[in-house]
Amino acid sequence: MIRRQFVITTALLFLVAIGMALYVWQLRNREVRNPSPPRAAEHVAPPAIGPTEKVTAYVAYDSPGELRAQSISIPLSSGRQTRAQNMLRGLLQIYRSKESPHTLAAGAEVRDVYLLGPGIAVIDVNSAFADGHASGVLPEELTVVSMVQTLSTNIPAITRVKILVDGKDRETLAGHVDLSGFYDVVQISGLAKQLSAP
């Protein structure tokens, strides 16, 4: 009796295994015939077609280890939050260019910027931004100061800034610069002056 149940169970398992193998083979053939299109990058902003405005970005230069103020054009926006996002995305566009003075990882981007009252801004970057960032005190510091100074110069009401990675707290950017707390804009401005080109 037990032997008969064993044979039946073994036969059923064998049929299930064959069925699964056929299903996987069918899926594989379908994928070969119709490959899925490459995944588009997230948060790719369309080119600005409408009116633009000039803002001051503080661009990091790795080689001399300094910040330089530079005027960039961003899409004109009536909302403060959208304007803040456009500013930082414009800054990252400089860093992603071929002649970038401060290289960031491929796929690095600002996911969102939240302006909370009173005077608090939260910058949410993606994991590619942090995971692929060059490790070292100076490159990490240049990135943070560049972003915070760009934001606070163009939106003067901001007094404190927090940086999140994929919407979550993270201890450091790439092992050195602390991301666990808020950055005081006055202190960052003082550091930006020290790092600014003479």
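We use all heavy atoms of the structure for the numbers below, so side chains are in, but hydrogens, waters and symmetry mates are not.
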Please name the pair of heavy atoms, one in [X] and one in [Y], separated by the smallest distance, quoted to 0.1 Å.
X    : Y    : answer
Y183 : V177 : OH-CG1, 3.2 Å
L195 : G65  : CD2-O, 3.8 Å
I72  : G90  : CD1-C, 4.0 Å
A69  : T56  : CB-CG2, 4.0 Å
A128 : A105 : O-CB, 3.5 Å
N154 : T150 : ND2-O, 2.7 Å

Gap between atom [atom2] of [Y] and atom [atom1] of [X] - 0.5 Å precision:
X    : Y    : atom1 : atom2 : answer
I8   : R4   : CD1   : CZ    : 5.0 Å
S77  : N86  : OG    : CG    : 6.0 Å
R160 : I158 : CZ    : CD1   : 12.0 Å
E109 : L92  : CD    : CG    : 8.5 Å
L91  : R89  : CG    : CZ    : 12.5 Å
L13  : T9   : CG    : OG1   : 6.5 Å

Do any N or O atoms from the side chain of [X] and from the backbone of [Y] form a donor-acceptor pair under 3.5 angstrom?
X    : Y    : answer
E140 : G136 : yes
K162 : L179 : yes
R170 : S127 : no
R96  : A108 : yes
D112 : Q85  : no
S97  : I94  : yes
T159 : G119 : yes
S180 : E171 : no
D124 : G167 : yes

Verify same cluster id: [X], [Y] (apolar side-chain graph, 4.5 Å):
X    : Y    : answer
F182 : L116 : yes
I163 : I120 : no
L164 : L88  : no
F129 : V122 : no

Subject >> Contact list for residues 142-162, test ring pair (Phe, Tyr, Trp, His ring centres under 6.0 Å), sequence neighbours left out >> reply: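 Output for this query is empty, none listed.
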Could you tell me whether the side chain of [Y] reaches within less than 4.5 Å of the side chain of [X], counting heavy atoms only?
X    : Y    : value
V59  : P101 : yes
N126 : D166 : yes
M20  : V16  : yes
V113 : M87  : no
L104 : T143 : yes

Original post:
Are V161 and M147 close enough, and set up right, to give a side-chain contact (heavy atoms from CB on, under 4.5 Å), and what steps lead you there?
Top reply: CA-CA 10 Å; V161 178; M147 293 172 71; over 6 Å; no
Subject >> side chain to side chain donor-acceptor pair (under 3.5 Å) evaluation trace for Y95 with S146 >> reply: CA-CA 11 Å; Y95 294 151; S146 167; 2.6 Å; yes
Subject >> Q93, CD: over 12 other non-hydrogen atoms inside 6.0 angstrom >> reply: no
Subject >> For W25, the rest of its hydrophobic cluster, which grows through side-chain links under 4.5 angstrom >> reply: none
Original post:
Which residues satisfy the side-chain hydrogen bond (donor to acceptor under 3.5 Å, both in side chains) test with D62, sequence neighbours excluded?
Top reply: H102
